2 protein chains.
Amino acid sequence: MSRRWKITVEFDGRPFLGWQRQDHGPSVQACLEEAVHRFAQERVTVHAAGRTDSGVHATAMVASFDLEKDVGAEKVRDALNYHLKPNPVAVLRAEAMEGDFHARFSCIGRSYLYRIVNRRAPLALDAGRAWLVSHPLDADAMHAAAQRLVGQHDFTSFRASLCQAASPVKTLAELSVGRVGEEVRIVARARSFLHHQVRNMVGTLKMVGEGRWTADDVSSALAARNRSAAGQTAPADGLYFTHAFYPGERFDDPVT
Amino acid sequence: MSRRWKITVEFDGRPFLGWQRQDHGPSVQACLEEAVHRFAQERVTVHAAGRTDSGVHATAMVASFDLEKDVGAEKVRDALNYHLKPNPVAVLRAEAMEGDFHARFSCIGRSYLYRIVNRRAPLALDAGRAWLVSHPLDADAMHAAAQRLVGQHDFTSFRASLCQAASPVKTLAELSVGRVGEEVRIVARARSFLHHQVRNMVGTLKMVGEGRWTADDVSSALAARNRSAAGQTAPADGLYFTHAFYPGERFDDPVT
């Protein structure tokens, strides 16, 4: 009798082509599936709450898989971590779940953090881990403009051309911008996102922070339903998957 | 007529043998001196407030050097950063100073931050950038014990055997320990430190955090004036040089 496992995973996205297994290079999924095989001699598919792009990081990605091997949660965590070395992927927690739990399909919400370092000097400590923006950013103006995107909208203007979602309509529960010293942090939360949606929203808010766009320009970009009407795609470096919400966890939708 | 420059430098210590120029491998000093040469065709010596060890990082090391070339501060910063690529060293600021300013000899205080990540799972995002301690640490007990080391003492028990300081007597102005989530952060501030003093104090406080030592044991270790009486040397990974104080900046000594 197999058991379903939920794992919470931290990873540095730099060496990977992204979460999803690829034929032509390393992926977080392949690392985890290989670690499961080395530990339990079982070939499994590890499903994630979010299929992050190349270079995107995670502080707490959630994934699930089935295991025949009968072991405890601490053993699963420690054995996977042992076999994951030297990849920059770490299993923070492992939990045995009911058989109907699925990291992707059971997920009712996702949170991302986007980090901008706002200064002239290049990044030494945060190279590959944040977006360097040298023009001074007005975080308050960015936050105010971000509220134009909160709620249920057709996000076609913020959707990658490769996006496979059936509908461009999504409900953005939160888009907050705040400054901590030289860092501008953006938190995005929704049931689900379109491909590149967070990075395209960040690239658009940067225009506002630089004073080149107003909040009304953001509303116009949204209304245009045209990718070329919004800002650039912010680099993967600054993006972190930070939380997956499941039933029983509080996930407030915005008042729309 | 040459001008004296003060620069504030961020670096990731992982690829370096430390601050100081070495014959057998890369150093932060050599990177900076080479960047100055490429930019100004001048061979200079770059002096630092602190000569950090191999693997130790800096968020704001201060260094000084003389330049014949007549240029402005922004040009010095930007040109050095251009020539520092791809090394993980960044000049945050450059300031023209009076000729008697010396990053090391004018410095009246230094601050370090030590980062411990306190959890079972390995470090993915913070590999090489923090000390992983898996046994739960009591940060409050560490902070209380740390106060036994504040003030003027003979720090022989916390001094590396290679230390070249004339005297083992130093005045520790601050040694604070606090927890932020799974991270335990230690701030150390003094006019100057002995070789490995911060890392040896951190290794000793870890014993307290784990419940293996009491604050009285820390006092006894200090009184023993014997390196073997104190705890292990914490790894370089978690140590960051964070501030150099100069005349005109407030640097409070403790009441001793």
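Nothing here was measured: the structure is a model prediction, and the numbers come from that model. Residue numbering restarts at 1 for every chain, and letters A, B, ... go by the order of the sequence lines.
Atom CD of B:Glu42 is surrounded by more than 12 heavy atoms from other residues, nucleotides or ligands within 6.0 Å. For A:Glu68, the CD atom is densely surrounded, since the number of other residues' heavy atoms within 6.0 Å is greater than 12. Counting heavy atoms of neighbouring residues, nucleotides and ligands inside a 6.0 Å radius, atom CZ of A:Arg51 does not exceed 12 of them. Around CD of B:Glu98, the count of heavy atoms belonging to other residues, nucleotides or ligands within 6.0 Å does not exceed 12.
For A:Ala244, the side-chain contact (heavy atoms from CB on, under 4.5 Å) partners are A:Ala49, A:Val62, A:Cys107, A:Phe241, A:Tyr246, not counting sequence neighbours.
Across all their heavy atoms, B:Leu125 and A:Arg129 have their closest contact at O-NH2, 2.5 Å.
Residues of residues 4-14 of chain A lying under 4.5 angstrom from chain B, judged on non-hydrogen atoms, are A:Glu10, A:Phe11, A:Asp12 by number. Contact annotation for residues 75-94 of chain B against chain A (heavy-atom separation below 4.5 Å, listed by residue number): B:Arg77, B:Asp78, B:Asn81, B:Pro88, B:Val89, B:Ala90, B:Val91, B:Leu92. For residues 108-124 of chain B, the interface with chain A (any heavy-atom pair closer than 4.5 Å) comprises B:Arg119, B:Arg120, B:Ala121, B:Pro122, B:Leu123, B:Ala124, sorted by residue number.
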